Amino acid sequence: MKHKDGKYNSQPEKPFKIVPATLLVIVLCGFSFYLGGIFCSEKSRLEGKSVQYVSKTVSSPKEPAVDPLQIKSMAFQECSADFQDYTPCTDPRRWRKYGSHRLTFLERHCPPMLERKQCLVPPPDGYKPPIRWPKSRDECWYRNVPYNWINKQKSNQNWLRKQGEKFLFPGGGTMFPRGVGAYVDLMQDLIPEMRDGTVRTAIDTGCGVASWGGDLLDRGILTVSLAPRDNHEAQVQFALERGIPAILGVISTQRLPFPSNSFDMAHCSRCLIPWTEFGGIYLLEVHRILRPGGFWVLSGPPVNYENRWRGWNTTVEEQKSDYEKLEGLLTSMCFKMYAKKDDIAVWQKSSDSSCYNKLAEPDVYPAKCDDSLEPDSAWYTPLRPCVVVPKPELKKSALESLPKWPERLQVAPERISNVPGGSSSALKHDDSKWKVRAKHYKKLLPALGTNEIRNVMDMNTVYGGFAAAVIDDPLWTMNVVSSYAANTLPLVYDRGLIGTYHDWCEAFSTYPRTYDLLHLDGLFTAESHRCDMKYVLLEMDRILRPKGYALIRESSYFIDAIASIAKGLRWSCHREDTEYGVAKEKLLVCQKKLWYSASSSSR
């Protein structure tokens with residue numbers, strides 16, 4: 001130790017005694033704990049008061065308010081009268097730009113952005129609100145579909161008959177001269193599953209005026225009638241004017257816009273599709289969309305060629321060869337003959353995996369499609385000369401394994417497990433939600449549930465919940481699933497409903513004035529980053545019938561902008577709360593006005 005003089009003391013200092021030092025440490029520690037306890041207790045008490053005070057005076061943080069989208073008001077000019085039946089993506093004016101090989105010009109070819117029309121499609125001169133269902137199945141106004149060419153060409157086959165101001169539909173057809181009723185009666189004798197609810201969904205390729213699909217409605221079978229756009233016959237337009245489900249389409253070089261393994265039945269009545277040409281590629285597409293255990297029905301060449309060949313401008317040898325080739329192709333695709341009588345032959349798609357396993361062997365035609373080809377990819381997807389084999393793990397999706405209609409509507413499909421978040425409980429919740437919504441809709445739109453509304457489109461469905469909620473009303477619903485959304489369309493078909501894939505940045509595959517009600521739920525919220533709202537609403541106007549309705553369920557952010565554009569479309573709209581009065585979501589109930597072109601004599 002140093003002293004004050006700076007010298008070190010050679011003697012060490014005496015140490016403290018051990019007991020007093022230890023005692024001092026204990027006393028100091030105890031005092032410290034005492035003071036700390038008082039401090040902490042007081043701090044907690046003060047902080048408690050502070051928290052209570054803040055909670056009373058400061059509100060919890062909220063999401064920043066977003067002002068609704070505002071756009072300038074706009075008015076749309078009328079299209080010229082020659083656009084009264086304008087179908088933008090199947091426009092005969094543009095056919096010459098595309099090849100005739102395999103009728104590719106009849107497929108979808110949408111105009112580029114700079115050529116898109118921004119005008120309102122006028123109705124024909126003398127247009128009237130359509131005759132209501134069920135009377136419409138048997139007659140329609142001539143001026144609404146003024147195509148007399150088909151009347152003259154098919155008069156001997158009883159497709160339709162012009163009488164005064166109306167077209168009448170006697171129910172005849174090329175292959176059913178005794179009427180469609182007798183034709184379907186025979187078909188049911190051959191396929192008993194058409195009587196007991198096993199067969200629920202069907203597709204009619206080359207549908208004529210859709211008399212087959214119209215007759216099946218009374219038998220509990222929902223049919224998509226398919227035909228291409230043409231200059232004279234307007235088959236799909238006649239079908240929809242009658243209140244029968246239909247869509248424009250052709251089997252050519254691209255897949256039809258339907259998922260795999262969906263339809264319970266496919267039908268062709270002298271539809272003039274060359275089934276045995278191009279390696280049977282058209283048959284392969286029917287195989288893809290047909291459910292395992294489903295039926296393919298063919299009437300017309302080459303069926304019953306022994307008795308019919310003289311009327312087909314051919315020889316019996318040619319027809320025999322064509323029939324044998326057809327049988328060989330169908331067998332190679334795992335179809336088997338189910339029944340045959342007179343002009344009708346029925347094949348059934350196999351559910352047996354042993355047949356499909358043989359398609360993986362070398363040098364087999366047609367071969368099994370490889371795993372890189374998505375079975376449900378069906379939006380501008382090229383046809384491939386291979387067999388889409390049903391997934392063996394999906395054992396409950398075959399026709400014989402599905403519940404019969406109408407129980408089928410309420411049962412969660414097996415394929416729901418393929419959808420993110422899909423489950424039996426999710427489907428049950430969705431159905432309950434839509435029952436509440438549909439009840440609310442009918443208060444806002446009393447015409448819903450009456451025969452004033454027949455042709456309905458749900459523009460962006462998920463499970464088909466809206467269609468299921470109104471299934472007992474005198475209407476049918478085309479369920480549309482976006483080609484960019486989760487693939488839920490197989491579930492729609494598994495439930496016994498119908499629908500199609502579509503991209504709303506483009507025009508829909510139908511004629512103008514073909515739907516009574518368009519329903520959408522958050523479509524602009526989901527697609528506004530891709531699709532121009534103005535063009536979507538113009539397309540809705542094109543396909544909506546005069547005096548038809550649009551039921552728009554949207555985010556509050558978009559609702560004012562939609563109303564502004566709708567005013568330019570000459571719609572009358574009123575804004576309503578949703579069933580639970582949620583501020584973030586509103587309903588816009590609109591009706592399209594009946595107007596005539598400035599050059600029309602009906603003004």
Side-chain angles (χ1 to χ4, degrees), residues 99-104 106 153-154 156-159 172-178 180 182-184 186-187 189-191 203-208 212 226-228 230 233 250-253 265-288 290 294-350 355 358-359 363-367 383-387:
S100 59
H101 177 65
R102 287 172 53 181
L103 302 179
T104 53
L106 292 175
Q153 293 294 318
K154 302 293 183 179
N156 63 326
Q157 298 174 11
N158 286 322
W159 278 30
T174 308
M175 298 309 301
F176 34 94
R178 294 190 297 122
V180 68
Y183 176 76
V184 177
L186 174 58
M187 198 175 294
D189 291 340
L190 299 177
I191 311 172
I203 182 169
D204 188 10
T205 54
C207 63
W212 187 73
L226 180 82
D230 49 62
E233 296 183 9
V250 61
I251 308 179
S252 178
T253 67
M265 175 185 287
H267 172 256
C268 162
S269 174
R270 200 169 186 181
C271 57
L272 303 182
I273 296 174
W275 297 113
T276 59
E277 293 183 19
F278 310 110
I281 199 165
Y282 303 141
L283 274 176
L284 287 167
E285 178 61 0
V286 170
H287 182 280
R288 183 187 72 86
L290 196 61
F295 301 98
W296 185 55
V297 181
L298 176 66
S299 63
V303 176
N304 197 19
Y305 68 88
E306 302 92 340
N307 300 309
R308 289 280 193 175
W309 67 271
R310 290 181 180 83
W312 293 341
N313 297 320
T314 183
T315 65
V316 66
E317 291 79 14
E318 288 175 340
Q319 287 300 307
K320 180 181 179 181
S321 174
D322 199 23
Y323 184 75
E324 290 173 350
K325 187 176 181 181
L326 177 67
E327 279 193 313
L329 280 169
L330 287 166
T331 300
S332 69
M333 298 175 193
C334 298
F335 280 99
K336 60 182 180 180
M337 173 62 72
Y338 186 79
K340 183 180 177 184
K341 186 175 182 180
D342 299 336
D343 294 324
I344 300 176
V346 183
W347 286 267
Q348 186 176 32
K349 178 177 173 178
S350 177
C355 177
K358 296 177 183 178
L359 301 179
D363 301 324
V364 171
Y365 185 86
L383 292 180
R384 301 286 179 84
C386 57
V387 178

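Being a predicted model, the structure only gives us computed values, none of them experimental. When a residue number appears, it is its place in the shown sequence, counting from 1. Side chains included, hydrogens not; waters and symmetry mates left out as well; all remaining heavy atoms used.
- Ring pair Phe335/His287 is perpendicular by interplanar angle, where above 60° counts as perpendicular and below 30° as parallel.
- Within a 6.0 Å radius of NZ in Lys320, other residues, nucleotides and ligands contribute 12 heavy atoms or fewer.
- Ion pairing between Arg288 and Glu285 holds under the 4.0 Å rule for side-chain N and carboxylate O.
- Put simply, the side chain of Met187 reaches to within 4.5 Å of the side chain of Trp212, judged on heavy atoms.
- With rounding to the nearest 0.5 angstrom, the NZ atom of Lys336 is 13.5 Å from the CG atom of Leu330.
- Annotation: the span from Ile251 atom CD1 to Leu226 atom CG amounts to 7.0 Å, rounded to 0.5 Å.
- Using a 30° and 60° split on the angle between ring planes, Trp275 and Trp296 fall in the perpendicular class, above 60°.
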>> Run Arg102 and Leu383 through side-chain contact (heavy atoms from CB on, under 4.5 Å) and show every step you take.
In response: CA-CA 12 Å; Arg102 287 172 53 181; Leu383 292 180; 3.9 Å; yes
> Checking side-chain contact (heavy atoms from CB on, under 4.5 Å) for the pair Val286/Ile203: CA distance, chi angles, key distance, verdict?
Replying inline: CA-CA 10 Å; Val286 170; Ile203 182 169; over 6 Å; no
>> Using the rule given for side-chain contact (heavy atoms from CB on, under 4.5 Å), can you reason through Lys341 versus Asp189, listing the C-alpha separation, both sets of side-chain angles and the distance that settles it, and then say yes or no?
In response: CA-CA 10 Å; Lys341 186 175 182 180; Asp189 291 340; over 6 Å; no
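- Of all heavy-atom pairs between Leu106 and Pro228, the closest is CD1-CB, 4.0 Å.
- The minimum heavy-atom distance between Pro366 and Pro385, with the atom names listed, is CB-O, 4.3 Å.
- The distance from the CG atom of Asp204 to the SG atom of Cys271 is 8.0 Å, given to the nearest 0.5 Å.
- The shortest distance between side-chain heavy atoms of Ser332 and Tyr365 does not fall below 4.5 Å.
- To the nearest 0.5 angstrom, Ile344 atom CD1 is 9.5 Å from Phe176 atom CZ.
- For the atom pair Cys355 SG and Lys349 NZ, the distance stands at 11.0 Å (nearest 0.5 Å).
- Between Met333 and Gly280 the shortest heavy-atom distance is CE-O, 3.5 Å.
- You'll find the side chain of Pro301 reaches within 4.5 Å of the side chain of Gln319, heavy atoms only.
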>> Run Tyr323 and Glu306 through side-chain contact (heavy atoms from CB on, under 4.5 Å) and show every step you take.
In response: CA-CA 11 Å; Tyr323 184 75; Glu306 302 92 340; over 6 Å; no
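- Taking every heavy atom of both residues into account, Met175 and Tyr183 meet most closely at O-CD1, 3.9 Å.
- Ser321 contributes no side-chain N or O that, together with a main-chain N or O of Glu317, makes up a donor-acceptor pair within less than 3.5 Å.
- Of all the heavy atoms in Arg384 and Leu284, the pair that sits closest is O-CD1, 4.0 Å.
- Two residues are said to be in side-chain contact when any heavy atoms from C-beta on lie closer than 4.5 Å; Val297 and Val346 meet this criterion.
- Minimum interatomic distance between Thr104 and Gly99 (heavy atoms only, all atoms of both residues): OG1-O, 2.6 Å.
- Judged by distance alone, with hydrogens and angles left aside, the side-chain atoms of Thr205 form a donor-acceptor pair with the main-chain N or O of His267 at under 3.5 Å.
- Looking only at side-chain heavy atoms (C-beta outward), Leu326 and Trp347 come within less than 4.5 Å of each other.
- Atom OH of residue Tyr282 and atom OG1 of residue Thr276 lie 11.0 Å apart, to the nearest 0.5 angstrom.
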